[in-house]
There are 2 protein chains.
Amino acid sequence: MKIKSVEFKRVFYRYKEPFTISLGTHETQENVEVCITLEDGTRGYGEASALFVISGETPQMLEKMEKTVQEMIAGMSVERYELIFEQTQKLKATPAIKAAVECAVIDAFCKRHGLRQYEFFGGAKNKIETDITIGITTLERTVEKAKKYYSEGFRILKIKVGKNLKEDVEKILKVNEIGKDLSFIVDANQGYSPKEAVELAQILYREKINVVVFEQPVKKDDILGLKYVRWNSPYPVAADESVFTMYDALRLIKEEAIDMINIKLMKSGISDALAIVKLAKAAGIQLMIGCMGESSLGISASIHFAAGTGAFAYHDLDSHLSLVEETFRGDFKQQGPLITLEET
Amino acid sequence: MKIKSVEFKRVFYRYKEPFTISLGTHETQENVEVCITLEDGTRGYGEASALFVISGETPQMLEKMEKTVQEMIAGMSVERYELIFEQTQKLKATPAIKAAVECAVIDAFCKRHGLRQYEFFGGAKNKIETDITIGITTLERTVEKAKKYYSEGFRILKIKVGKNLKEDVEKILKVNEIGKDLSFIVDANQGYSPKEAVELAQILYREKINVVVFEQPVKKDDILGLKYVRWNSPYPVAADESVFTMYDALRLIKEEAIDMINIKLMKSGISDALAIVKLAKAAGIQLMIGCMGESSLGISASIHFAAGTGAFAYHDLDSHLSLVEETFRGDFKQQGPLITLEET
């Protein structure tokens, strides 16, 4: 069934509280929703969400891609999605738009063929557990939030670090006292030097902290630095900002620079994300899945992708929880960290 | 929809004339058909076809896997195909059965959801051009067959070599006189030493023969030999017997040992074939698709896979043409080298 029209819509969200990572602070999140209408009236939805400090995309520029995308894919058939993906591959400067368009296409494809999206991706699971993220804030506020999340059932906490090594250690040790069953994803967002990163890992290891992922410790283009941390850290080292495309992923695999990749649809779209899933499997490296600032609409796509492929050891799909949303638009159910997709 | 039953059936074909490659001669082909029936009566079909000299599989052992496969996947839902593929991954000694079962599952999935298989795979194309293969035979018979195929419209000839370098050169030069628009896939099936392989390539290059693929020149486990040929041959060097799994593919990519991979569903199943497609794309290496001794039933799956993914520079999907078949059971149309899948 052919695509009749493509519409973009800019949407505005406020963070429940300012969200700080080593690269900057966000109080608001502006996303672009993509709606694809097929000739039979079927609609597919996607959401483009970017953080300027990560990808250099702004909502203004994302919105301006509407006409380009219309000209690119209008009239194409969703059953020929590989041809559509050849087109979206050209959206190099706007991976979030590439992702939103690909998500909308697969959404429409699935609706048209009576498939749930997670079934299209292989139907490996219909339940996943997500972590929850604590941005960089004071020690007091960090502990307070961690306690709240712990009481809500979250057992995997993602802690943002990378601005001050001493304070980072202090926070993690303090939070760790909350419960013996806590695991940590420690995310530096490129904030450390390679030696600092190894120092942090060694300290936490001596203190017996259960770090399950040490994410993007060093600058995204410092592949040798990443490799240094990987080979000198007792914890699995994951690339996030270092990997947008399948080509990035293969380079790091060839360099043996990583233990894990954090796939985000907003960086890779469905097309490259699928390729990275296969690459990681062949290379025997682990995967986690993350998000940018998607609302419940956009996060649904990542949930389906993660559940369907069943490829991820850790799920960091919590952005919707940090935004003020008037209406919940996900097609999943959530209780604390547990996310469920209804079975057909 | 759940799988109710799985049935295997052994089928017997005769080659139109004895088919010789450097590894041996075949006069008959025994395959195993796999039929999966879903609870709603939907049926999916696959065909397992192996050459003992390639994979060590015999039809007798393939047939004996029926009960194992039944116990493995009966009751599973085809919409959870990734879970089924986790099971089929265990069929390590019988890749042809793995392939046939995966093909039957995807066939049933597609029928159930009103999808043509090539659409499931992305719908990149619905037309492909196949080469045609000339086994090892006398110079006279080789030329005679080549003339016949040329008159039928075939412009890409796959020539089996690897038993006698001097005769191989002689044949190719003679066949090349038939038409200026001929291209050659030269397939040694592991028959040469690395130095012989380079010698052949150099001679053909000096004679300006248009070789588009130099396939599996050396022993399958001689990765350094393959690499030697790759870096010293003017023609693209492809791995065939060297690559069954995605792990094989990644190893050769890491070693920079190849220009191309020949994917066959009978070696890799749909699961590993899909992974190899992504690996090759990320690595920027080319792909061709080949076959074992499939009838029109089994070759259909490879045609859908190739057309849908659109990933292949060359198609060597001609095994059904060399078998005596009472009934044509493909769901494609063929005119000489041109194969067409009906559009929805």
Side-chain angles (χ1 to χ4, degrees), chain A residues 1-2 76-86 89 105-106 109-126 243 245-256 270-285 307-311 343-344, chain B residues 1-2 76-86 89 105-106 109-126 243 245-256 270-285 307-311 343-344:
Chain A
M1 189 57 57
K2 285 181 180 164
M76 295 183 82
S77 167
V78 290
E79 285 82 7
R80 297 295 190 88
Y81 66 85
E82 197 59 51
L83 295 177
I84 299 177
F85 288 4
E86 273 176 30
Q89 208 57 13
V105 166
I106 296 305
F109 178 101
C110 288
K111 282 175 179 158
R112 166 107 187 120
H113 293 282
L115 277 168
R116 300 270 287 142
Q117 276 189 58
Y118 80 98
E119 295 173 334
F120 172 81
F121 292 119
K125 300 176 184 173
N126 71 321
V243 174
T245 68
M246 64 179 114
Y247 309 107
D248 298 333
L250 182 59
R251 194 178 322 127
L252 295 191
I253 288 169
K254 275 183 159 180
E255 293 275 358
E256 308 192 331
I270 287 173
S271 51
D272 279 62
L274 275 175
I276 297 169
V277 164
K278 304 296 186 190
L279 281 167
K281 194 166 184 182
I285 67 168
T309 59
E343 285 185 273
T344 44
Chain B
M1 189 56 58
K2 285 181 179 166
M76 295 184 81
S77 165
V78 289
E79 286 82 8
R80 298 294 190 89
Y81 64 86
E82 197 60 51
L83 295 177
I84 299 177
F85 287 5
E86 272 176 29
Q89 209 56 14
V105 167
I106 295 304
F109 178 101
C110 287
K111 282 175 179 158
R112 165 106 185 119
H113 292 282
L115 278 168
R116 300 271 286 141
Q117 276 189 58
Y118 79 98
E119 296 173 333
F120 172 81
F121 293 120
K125 300 176 184 173
N126 73 320
V243 174
T245 67
M246 64 179 112
Y247 310 106
D248 299 333
L250 182 59
R251 193 179 320 127
L252 294 191
I253 287 170
K254 276 183 159 179
E255 293 274 0
E256 307 192 330
I270 286 174
S271 52
D272 279 62
L274 275 175
I276 298 170
V277 164
K278 305 295 186 188
L279 281 166
K281 194 167 185 182
I285 67 168
T309 59
E343 285 184 271
T344 43

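Sequence lines set the chain letters: A, B, ... in the order given, protein chains first and strands last, and positions in each chain run from 1.
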Asker: So which part of A:Thr309 gets closer than 4.5 Å to some heavy atom of chain B, the side chain, the backbone, both or neither?
Answerer: backbone
Asker: Which heavy-atom pair separates B:Glu82 from A:Lys281 by the least distance, and what is that distance?
Answerer: OE2-NZ, 4.3 Å
Asker: Is any side-chain heavy atom of B:Glu343 closer than 4.5 Å to one of A:Glu79?
Answerer: no
Asker: Quick one: pull up CZ in B:Phe120 and NE2 in A:His113 and give me the separation to the nearest 0.5 Å.
Answerer: 12.0 Å
Asker: Rounded to the nearest 0.5 Å, how far does CD of B:Glu255 lie from NZ of A:Lys254?
Answerer: 11.0 Å
Asker: In terms of heavy-atom proximity below 4.5 Å to chain B, should A:Ile253 be classed as side chain, backbone, both, or neither?
Answerer: both
Asker: With the side chain counted from C-beta on, respond yes when A:Arg80 and B:Asn126 share a heavy-atom pair under 4.5 Å apart, and no when they do not.
Answerer: yes
Asker: Select one option (side chain, backbone, both, neither) describing which atoms of A:Leu279 are under 4.5 Å from chain B's heavy atoms.
Answerer: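 Answer is both: backbone and side chain atoms of A:Leu279 are under 4.5 Å from chain B.
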Asker: By a 4.5 Å heavy-atom criterion (distance strictly below it), what part of B:Phe121 contacts chain A: side chain, backbone, both, or neither?
Answerer: backbone
Asker: Using non-hydrogen atoms only, which part of B:Leu250 is less than 4.5 Å away from chain A: side chain, backbone, both, or neither?
Answerer: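 Interface part for B:Leu250: side chain.
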Asker: Would the number of heavy atoms belonging to other residues, nucleotides or ligands and lying under 6.0 Å from NZ of B:Lys2 be above 12?
Answerer: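 Not more than 12 within 6.0 Å, no.
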